[in-house]
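Presented below is the structure to which this report refers.
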Amino acid sequence: VDTAKRVAAGEKAVHQVAYAWSLGTKRGRGDRGSDGGLLRPTRIRAMEALVPPSLTPFSRSRLLTDGQVLQYQRVLNHALRRAMGVGMVAMREHHITDDMLNKATNTKPMLARLQHATLSWMGHVARMDTDRPPKMAICGWWTATPHRDRRVKLQVKWFYQCLRAVGIHP
């Protein structure tokens, strides 16, 4: 439910930003030309500043499945396509992929953003005193929950995946 809300908020942010830069332009796409739309680097910076934060609140301490990360990445790809002024039909005609757009604009993928946020939060928790609840939740087991609880295993798996991504092997 939370992922669906975040995805909807991200799509809304994409629409609002694209609408704002297309006001008063020919064809309503914000094309640069005689009508004076915004430059592409400005559009990309605007999307970078508004769309990822709308997707990632409270994601530092949550476990995320591959499907949830993929949904977030789709919203980010849509934002990037709008910022570049490229439609899906044109991308197919010219054999351009979303990964190519990410590399051309030097945009970090959503998985890397989420892993960075999680690692920052884990570092914050690691420096806490041992009697603090977040530290107990990460570094210990709840007494009322059996060790075979699936959500606990998924949370630990997500943390290990984030650590392995930066070369730390616990």
**OP:** Count the heavy atoms belonging to other residues, nucleotides or ligands that lie under 6.0 Å from NZ of Lys108, then report whether that count exceeds 12.
**Re:** yes
Original post:
How long is the gap from CG on Asn102 to OG1 on Thr97, to the nearest 0.5 Å?
Top reply: 8.5 Å
Original post:
Any sub-3.5 Å donor-acceptor pair from Arg81's side-chain atoms to Met88's backbone N or O?
Top reply: no
Original post:
In Å, rounded to the nearest 0.5 Å, how long is the span from CZ of Arg74 to CG of Asp98?
Top reply: 10.5 Å
**OP:** Report whether Ile44 and Met91 are members of the same hydrophobic cluster (ILVMFWY, side-chain heavy atoms less than 4.5 Å apart, transitive linking).
**Re:** yes
Subject >> Closest contact, heavy atoms only, Leu64 versus Tyr72 >> reply: CD2-CE1, 4.3 Å
Subject >> Distance-minimising heavy-atom pair for Pro52 and Leu76 >> reply: CG-CD1, 3.8 Å
Original post:
Which atom names give the shortest non-hydrogen contact between Val75 and Gly10, and what distance separates them?
Top reply: CG1-C, 3.7 Å
Original post:
Do His15 and Glu11 have side chains that get closer than 4.5 Å, going by heavy atoms?
Top reply: no
Subject >> Pairwise distance OG1(Thr56) to CE(Met110) - rounded to 0.5 angstrom >> reply: 5.0 Å
Subject >> Check: Phe159 and Gln115 side chains under 4.5 Å, non-hydrogen atoms >> reply: no
**OP:** Identify whether Val7 and Leu70 are in the same connected component of the hydrophobic contact network (ILVMFWY, side-chain heavy atoms under 4.5 Å).
**Re:** no
Original post:
Looking only at atom types and distance, does a side-chain atom of Gln68 sit under 3.5 Å from a main-chain N or O of Thr65, one as donor and one as acceptor?
Top reply: yes
Original post:
Is any side-chain heavy atom of Leu114 less than 4.5 Å from a side-chain heavy atom of Val69?
Top reply: yes
Subject >> Atom CG of Asp66 with >12 non-hydrogen neighbours under 6.0 angstrom >> reply: no
Original post:
Minimum heavy-atom separation for Met47 to Val14, with atom names?
Top reply: CE-O, 3.7 Å
Subject >> Rounded distance (nearest 0.5 Å) linking atom OG1 of Thr105 with atom CZ of Arg43 >> reply: 13.0 Å
**OP:** Evaluate the side-chain proximity of Leu111 to Gln161: yes if any heavy-atom separation is below 4.5 Å, no if none is.
**Re:** yes
Original post:
In Å, rounded to the nearest 0.5 Å, how long is the span from CH2 of Trp158 to CE of Met122?
Top reply: 11.0 Å
Original post:
Can you check whether Ala18's main-chain N or O pairs, donor with acceptor, with Arg82's side chain at less than 3.5 Å?
Top reply: no
Original post:
From Leu80 CG over to Gln73 CD, what is the distance, rounded to the nearest 0.5 angstrom?
Top reply: 9.0 Å
Original post:
Where is the tightest heavy-atom contact between Leu119 and Cys162, given as atom of each residue plus distance?
Top reply: CD1-O, 3.7 Å
Subject >> Minimum side-chain heavy-atom gap Thr107-Arg113 below 4.5 Å >> reply: yes
Subject >> Heavy-atom closest contact (Arg6 atom, Ser54 atom, distance) >> reply: NH1-O, 3.0 Å
